[in-house]
Amino acid sequence: MSGYSAPHCGSLRASDEGRDVELYGWVARRRDMGGVIFIDLRDRWGKVQVVFNPAVAPAAHEAASDLRSEFVVRVAGSVRRRPSGSENPRLETGDIEVAASDLEVLSPSEPTPFPLEDSEEPDEKTRLEYRYLDLRRPRMTRMLELRNKVNRIIRDYMEEREFIEVETPILTRSSPSGARDFLVPSRLHPAEFYALPQAPQMLKQLLMVSGVQRYYQIARCFRDENLRADRQPEFTQLDVEMSFCNEEDVFALIEGLFAKLWQETAGVTLAAPFPRLDIKESFLRYGSDKPDLRYELEIADLGDALGNTKADIFRKVLAADGVVRALSVPHGRDMARRELDELVTVAKGAGGQGLAWLPGGPLDKFLSEQEIESIKRLTMAGPDDLVLIAADRRRKAETVMGLIRQEIARRRKLIREGEWKFLWINPTYLFDEDDQGKLTYAHHPFTRPFAEDMSFVEERPYDVRAHAYDIVCNGYELGGGSLRIYDPGMQERVFQLLGMPLDVIRARFGTLLQAFTYGVPPHGGIAPGIDRIVMMLGGTDNIRDVIAFPKTQSMSDLMLGAPSEVDQSQLDELNIKVVPPKKDRS
RNA sequence: GGUCCCGUGGUGUAGCCUGGCCAAACACGCGGCCCUGUCAAGGCCGAGAGCGCCGGUUCGAAUCCGGUCGGGACCGCCA
C-alpha cells in the first residue's frame, strides 16, 4: 500500500484523464442505481466520483454494494472524462470520474452519530464528544488547514526579519500576571507547585538580556479564568519581543504581518498603517477597549447637557461622580416597545440599572426643552431617531452602552460585513483603579510610562500615559504589548507608586530585576492571539471552531472526559490530599 | 459569583406560551426490496424517542412549578 504517494481524491482534474490511479479515502455517499453504483470518495483534499460498472468490473461492483458511509477504502481505476452532460459543476473534480477496476474495504464504519457534512451542524455537545468525527467535516478540515497556514506565514515572516523562535518552559513559576494560574504539583518538592505559563512574559524579557534581540515563539498560554466565545483556558499567542525598538517598530512589524496574513489567506489588502485611538476615547465613544468600527453609532457624554437637570435619576448619578451616556439609534423613533424592553434586559444583564429613552419615554416631561435640545445635538439625533440613555458609574455606563451599541448594530444590520477595521488602542495609561479604588497597574508593572508624564504622577496618576498598545479588529482584541521599563530608577518608582512591598517585588520579579543589572537593552514586544486571528480569517465567532480539541465553557473536554479523578497512588506520590468541595461538606 | 437561553428517535426540527386531540409529527439518516448515469439519486416497505434527570401540582404533564445535571451567550473575571 502506498497511499502516501497516491493522488488525492479531491485533486484530480480533467488533465488527469487516462491515468490509472489508486485512491484512498472515505465513502462520503453511495448511489446505487441497481446496476451501476456511484460513490463519492472523500479525502482531505475533496471528493471525487467513483463508478462501479457490473459489466466492466463485476467483483468490484459486487463489493461496492456493501459500502456504507464513512467506510475507508482503496479503489483502483482509471480517470476518465464524464459522459457529456453529466459533469457536476458543484464538484471541483466534477469534469471527471474514476472508473473502478478494484475495490478493497480497509475499514468499515458504523453509522456516524451525526452527518459529516457542512450543511447542518449538530449540537455542539455532540460535536465535541465525537470531535474526531467533527474534524472530518470539510468546514473543520478547512479550519485546521487555515490555522496551519497562518502559523506558516507567521514563521516565514518572522524568520525573514531575523527573529528566532525560542521555546520556553511549560513547567514554570507563577508569573507577574493578573490571571489565576494552573498549578502542577511537584513530586520531588512536596507542597510545591509549578505554574503553567499565562504567557512567557518574564522569560522573553530575560531573552532580551541574553542578547537574543529578536525573539518570537508560537507559544501556548494557560489562564484559569472563565471562558467566553473567544476565550479558552489554553490558547496560542505569537509571542514577540525585540531589543532597541520603539512603538513604531512594533506597529510596523505587526501591521506588515497582518497585511501579509490577510493578503495570503483572504486575498484582502489591508490599509496600513492602522489608525490609533486613545483608550479613554475608545471607552467614551464606543464603550469598549476593543471597538468594532464597522459601524458608527458613537456614544455621547451628556454630562454637560444635564449639569443642572431636575431629573432625579440623572442628578443623583452625576452628583455621585457617575456619568450619563447616550446613543442615537438611526430611525429608531418607531422602535417597538418589545424591542426596547429587550434592550433594557441587555442593559440589566450587564449589571446596569436599565435604559432611558427619548422621545416617547417618561423622561420627556422631566427634562427641559433646552436639555432635550442639547441631548439631540450631542448625540446628533435627527427627527426619526431614538436616543438611548444610561446613567451609572463611569465603568458600568460604558460597559452598558458598549453592549447596547453592539446589540443595536446587530439587530438593525448596521455592521458592514466584509470590512476589516483594524486599529491600535494607543496610548493607554499606566495605572488603573482596582475594586477598592486603589492604584493598580493597567498592564503589567514593567510597562514603560511616558517619561514626560512622570512629572505629574503624584497629582494625576491616572493621566500618566504608557507605551502600551492593543491591536483590535472588528470588535476583537487581537493582541497587546508594550515597551518595557529597563531603567532601575524608573522601575523602583513605579513599584513604589503601586505600593508594592519590597519582599513581594523580590519574590515575584527578583530574577528580572537582577538580570536588568547586567546590561539590559531597551526592549518591547507584543503578543497577538493566534486563535482569534484564525477565527477572523475563518469567518467564525467561536474560538472552539479553530482549536482541534477545545474545552467547554465549564472547562471540560467532552471527548476525553477531562478533568478526571486520578488513582489514590498518584495522589500519594504527590503528597496531595483531596478535600471534598464545599458543596459536599456538611 | 451572577443574569439569560437551550436539552423531544442516530441527526436536525415541530409540538411547550394556551395541560387531555401526543403510547409524540416532519425531514435526513438507518434496515429491506426494486432500479445501469446518478450526484441532496429515485420508488415502495419497515424499525427507531415517551420528551436530560429527580421531585411536585393536577383526574391527567413533553407541555405548569421547584431542584439538579449538561451545553451555550453575556456581566464580573481575563495585566
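Numbers restart at 1 for each chain; the letters A, B, ... are given by sequence-line order, proteins then strands.
Base contact: Arg82(A) has a heavy atom under 4.0 Å from a base atom. Arg29(A) comes within contact range of the sugar-phosphate backbone alone, with a heavy-atom separation under 4.0 Å but no base atom that close. No engagement by Glu342(A) is indicated, since no non-hydrogen atom pair under 4.0 Å with the nucleic acid exists. As judged by a 4.0 angstrom heavy-atom cut-off over every strand, Pro113(A) is placed among residues touching the sugar-phosphate backbone only. Within the 4.0 angstrom heavy-atom criterion, base atoms lie near Arg80(A). Within 4.0 Å of Leu227(A), counting heavy atoms only, lies no atom of the nucleic acid at all.
Atom-to-atom distance recorded for Glu117(A):CD and Arg29(A):CZ is 4.5 Å, nearest 0.5 angstrom.
Distances shorter than 4.0 Å separate none of the side-chain N or O atoms of Arg31(A) from OP1 or OP2 on rU38(B). Contact annotation: Arg68(A) reaches the phosphate of rG31(B) (side-chain N/O to OP1 or OP2, under 4.0 Å). Between Thr552(A) and rG71(B) there is a side-chain polar atom (N or O) within less than 4.0 angstrom of OP1 or OP2.
Two residues, Ala350(A) and Pro54(A), neighbour RNA chain B, and the one matched to the more 5' nucleotide by heavy-atom proximity is Pro54(A). Taking the nucleotide of RNA chain B with the nearest heavy atom to each of Thr345(A) and Gly85(A), the more 5' of the two is matched to Thr345(A).
For rC77(B), its base sits under 3.5 Å from the side chain of Arg231(A) at one donor and acceptor pair at least.
Protein atom NZ of Lys396(A) is 16 Å distant from nucleotide atom P of rC74(B), rounded to whole Å. Note: CD (Glu97(A)) to P (rG37(B)) measures 13 Å, nearest angstrom. Separating the NZ atom of Lys125(A) from the P atom of rC5(B) is a distance of 17 Å, rounded to the nearest angstrom.
Tyr286(A) and Asp292(A) share no side-chain donor-acceptor pair at under 3.5 Å.
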